[in-house]
Amino acid sequence: MLRIVVASDSGGSFSRELAEERLTIGRSSTAGLTLDDRFLSREHAVLLRDNDELVIDDLESRNGTTVNDVRIAGPTRLQPGDRVGLGRYTLTVAPATTTGADAAHALSDSLEASILIPASRLLEQGFDFATPGASVPQGAVNELERYLERLRLLDEVHRSLARSISLDELLELILDRVFDHLGPEEGVVVLKREGGTYEIVARRRVPGLAGNTFYSETLIREVAVKRQGALVLDAQTDQRFAEAASILGSGVRSIVAAPLAVDDESLGMIAMSSRLSERQFEERDLELLGSLASVAALRIRNVGLAVQAAERQKLEAEVALARTIQEELLPAELPEVPGYEVVGINRPSRGVSGDLYQVVETDSQGNFYFLLYDVSGKGLAAALLTATIDALAAAPIANDLPVDRLFTLINTRLERRTSADRFATAFAARMSTATGLIEYASAGHNPALLVRSSGAPERLPRTGLPLGVMTDGRYEARELELAGGDLLVVYTDGITEAANRQTDEYGLDRLEQVCAQNRDLPIERIAAAIELDVAQFAAGVPFEDDQTLLLLRRSPPGPM
C-alpha cells in the first residue's frame with residue numbers, strides 16, 4: 001500500500017495511506033487532503049496512482065509545486081523518498097512496505113505524529129499464521145495471543161449486542177467495552193444528524209478528569225467524513241491538530257479514533273483520548289477500535305432502522321386515522337337537488353388531503369350551497385387546515401349568508417390564526433334550484449368551467465385573493481344562470497397540474513375538451529371520464545397533489 005508522510009515547516013507531521021487512485025491536495029475543505037496554508041490554492045495539486053507508482057501534477061496553482069526542490073511543469077513520477085513541496089508543507093513518499101500492521105509500525109518509527117488508515121484497511125489487518133510444521137518465534141506467539149484476545153472481545157461484543165436494546169443502551173455498552181480494553185481517560189461517540197452535522201451523543205470520562213470534553217472538527221473531517229481510522233501519537237506536535245483549540249485546550253495529546261461506517265455510509269465516529277503522560281495509544285489499539293466500531297456501526301444502523309420503522313408505522317396509523325376523520329367531513333352522500341345532478345370526488349395524493357368540498361341545503365325553499373377549497377401544502381398539516389376552514393364555514397353557510405360575506409368572515413378569522421404561508425383557495429356557489437340562478441365567488445381559485453349545453457366552455461374568473469393572505473381581503477360576488485343541460489365544473493389544481501414523464505402539465509385546455517366532449521353523459525360518467533383522461537395523460541407518473549372535482553348540471557327538459 002502506497003503511503004505519504006506530510007510534514008509542516010513548523011515541525012508537525014502525519015502519515016496518509018493512499019487507497020484512492022486520485023487524491024486532490026489544497027486548502028479547500030472539499031479536497032481529499034486539506035492543508036491549512038494560505039499560500040496554497042484551493043485545489044493546488046493532485047496525486048495519481050499508476051499501479052504501484054505515484055504521479056504528482058500541479059493544478060495550475062498560484063505558487064507552484066516542487067519535487068526535490070525543482071518546480072514541476074507537468075505530471076512527474078515519484079520514487080520512494082522523493083519530497084514534494086507544497087507551500088510550507090512537504091510530502092514524502094514512504095518506502096514500500098508490507099500491508100497492514102507492518103506498514104503502520106514502520107511509519108510509527110518515523111517522526112510523524114499521526115497515522116491515518118482507511119476503514120476498509122483497518123478491517124483487513126489480522127494475523128499471518130505460520131506455515132504448518134515451521135517453528136514459531138516468541139514474538140509471533142505473543143502476536144497470536146493478542147489476535148485471539150481480539151477475536152474473543154469481538155465475540156463478546158457480538159453476544160452483548162444480540163439482544164433487543166435501545167440506542168442509548170447500545171452507546172453505553174460500546175463505551176463499557178472500549179474503556180475495559182483500551183483504558184482511555186475520555187471517550188466520545190459522535191453521530192451524523194440530518195442535514196450532515198455531527199453531534200456528540202455519548203461520552204465518558206475517568207473520575208476526577210479535569211478540562212473540557214474535546215470536540216474537534218478536524219478529527220471529525222478526517223475520521224467520520226473521510227472514513228479513516230486515526231492514531232494521533234502527539235496532538236501537540238501534529239500540525240493538523242496544532243490549531244485545534246478544542247483538543248489542545250482539553251489537554252489531550254494521544255487520540256485513537258475509528259469511523260462508524262456501513263458500506264459507503266458514514267454514521268459518525270468513536271474516539272478515545274488520553275494525556276500523553278498517562279497513556280499513549282498504539283497501532284494495535286487502532287486496529288481493535290476499528291473492529292469494535294465496525295460491529296457497533298452495524299448495530300447502530302439496525303437500531304436506527306428499527307426506530308424509523310416504528311415511527312413510520314405510528315405515522316401511518318396516524319395518517320389512516322386522519323383520513324378516516326377527513327372522510328367523515330366529506331359528505332357521505334350528496335343531497336338530492338331537484339332538477340339537478342351533482343357529484344363530488346376527492347383523491348388524496350398522500351393519504352390525507354388538503355382539499356375538501358361540501359354540498360349543503362340551506363333551507364326548505366330549494367337553496368343550496370356548493371363549496372370547494374384547496375389549502376396550501378400537503379399531508380397532515382394541510383388536512384388540519386381544511387378541517388379548520390370547514391369549521392369556520394359551517395355557521396355562515398347554515399345562515400345562508402352571501403358568498404362574499406362568507407369569504408370575508410373565513411378570511412378574517414383564518415388570517416388571525418395562521419402564519420402567512422398557510423392559506424387556501426376556494427370556490428363558493430349559492431344557488432336557487434327554482435330559477436337556476438347562481439351567486440358565486442372565487443378566492444384565488446382555479447377558474448371554474450361553465451360548459452353550456454351547446455358545448456361552448458366559459459372560464460369563471462377569480463373574484464378575490466386566497467383566504468388567509470390579507471386581513472382586509474375583499475371578495476366580489478357574481479351571478480350566472482344555469483339553463484337546461486348546462487354543466488358547472490369546479491376542480492383543484494391537482495388535476496390541471498398533473499404531469500407526465502416529460503413534465504408536461506395536463507392543463508385547463510385539455511380539461512375543457514374532455515368536459516365538452518362528454519357533457520351529455522350521466523354526470524358520474526363525466527367525472528369518471530375526467531379522471532381516466534388525467535390518468536392516461538400522466539401514464540403512471542405519481543400525482544404530486546390532491547385531486548378534487550365538484551360537478552353540477554341542470555337537467556335538460558325532457559328525457560336524457
Side-chain angles (χ1 to χ4, degrees), residues 318-319 321-332 334-335 342 344-362 368-431 439-448 460 462-477 490-495 545-550 552:
E318 291 176 349
V319 169
L321 177 60
R323 181 57 183 170
T324 299
I325 295 172
Q326 191 173 57
E327 287 174 345
E328 293 174 352
L329 295 178
L330 291 168
L334 296 179
V342 61
I345 295 174
N346 172 247
R347 309 291 186 210
S349 63
R350 299 189 180 183
V352 291
S353 175
D355 299 350
L356 198 65
Y357 66 86
Q358 292 286 0
V359 178
V360 181
E361 186 176 10
T362 57
F368 282 82
Y369 237 109
F370 300 84
L371 183 67
L372 182 149
Y373 34 86
D374 178 3
V375 307
S376 61
K378 300 176 181 65
L380 288 174
L384 289 172
L385 192 56
T386 60
T388 299
I389 296 176
D390 188 61
L392 293 176
I397 290 176
N399 293 325
D400 198 20
L401 293 183
V403 290
D404 54 343
R405 288 193 60 195
L406 167 72
F407 279 168
T408 299
L409 287 172
I410 294 176
N411 176 72
T412 300
R413 294 170 181 172
L414 190 65
E415 197 277 336
R416 290 173 181 171
R417 299 182 182 188
T418 61
S419 59
D421 61 339
R422 309 302 297 170
F423 59 88
T425 66
F427 181 91
R430 182 168 167 256
M431 185 186 73
E439 174 193 77
Y440 74 90
S442 173
H445 199 69
N446 305 84
L460 306 184
R462 299 177 177 88
T463 65
L465 294 173
L467 303 173
V469 174
M470 295 180 61
T471 305
D472 57 350
R474 298 180 182 276
Y475 301 91
E476 178 186 353
V490 189
Y491 58 93
T492 58
D493 55 13
I495 290 177
D545 203 356
D546 309 322
Q547 297 183 353
T548 303
L549 282 169
L550 184 59
L552 170 69

Find the distance between CG (Leu356) and CG (Leu371) and round it off to the nearest 0.5 Å.
8.0 Å
Are any side-chain N or O atoms of Tyr357 and backbone N or O atoms of Leu550, one a donor and one an acceptor, separated by less than 3.5 Å?
no
Here the pair of heavy atoms bringing Arg430 nearest to Pro402 is NH1-CA, 4.0 Å
Could you tell me if the side chain of Val403 sits less than 4.5 Å from the side chain of Tyr369, heavy atoms only?
yes
Kindly write out the residues that satisfy ring pair (Phe, Tyr, Trp, His ring centres under 6.0 Å) with Phe370, not counting sequence neighbours, or none if the list is empty.
none
Please list, chain by chain and in numerical order, all residues satisfying side-chain hydrogen bond (donor to acceptor under 3.5 Å, both in side chains) with Thr425, sequence neighbours excluded.
His445
List the residues meeting side chain to side chain contact (heavy atoms under 4.5 Å, CB included) with Arg474, not counting sequence neighbours, and say none if there are none.
none
Counterpart residues, side-chain hydrogen bond (donor to acceptor under 3.5 Å, both in side chains), relative to Thr492 (two or more places apart):
Asp355
Just do the side-chain contact (heavy atoms from CB on, under 4.5 Å) check on Asp493 and Asp545 with the steps written out, would you?
CA-CA 8 Å; Asp493 55 13; Asp545 203 356; 3.0 Å; yes
Please check if the side chain of Glu439 supplies one atom and the backbone of Ala477 the other of a donor-acceptor pair under 3.5 Å.
no
Considering all heavy atoms, the nearest Pro396-Ala393 contact
CD-O, 3.3 Å
Should Leu552 and Met431 count as side-chain neighbours, where that means a heavy-atom distance under 4.5 Å?
yes
Between the side chain of Thr463 and the main-chain N/O of Ser442, is any donor-acceptor distance below 3.5 Å?
yes
Residue list, salt bridge (charged side-chain N to carboxylate O under 4.0 Å, His left out) with Glu361, at least two apart or on another chain:
none
Look up atom CZ in Arg347 and atom OG1 in Thr548, then write down how far apart they are to the nearest 0.5 Å.
9.5 Å
side-chain hydrogen bond (donor to acceptor under 3.5 Å, both in side chains) with Tyr475: which residues, sequence neighbours excluded?
Asn411
Under 3.5 Å donor-acceptor, Gln547 side chain and Ile495 backbone:
no
When rounded to the nearest 0.5 Å, the distance separating CG of Leu392 from CG of Leu409 is 9.5 Å
With sequence neighbours left out, write down each residue that passes side chain to side chain contact (heavy atoms under 4.5 Å, CB included) with Ile389, or none if nothing qualifies.
Tyr373, Val375, Leu385, Ile410, Leu414, Ala424
State which residues pass side-chain hydrogen bond (donor to acceptor under 3.5 Å, both in side chains) with Tyr491; sequence neighbours excluded, sorted by chain then number.
none
Any Leu467 side-chain heavy atom under 4.5 Å of Phe407 side chain:
yes
Which pairs count as ring-ring contact (aromatic ring centres under 6.0 Å, His included) when at least one residue sits in residues 382-404, sequence neighbours excluded?
none
Leu406 versus Ile397: any side-chain heavy-atom pair under 4.5 Å?
yes
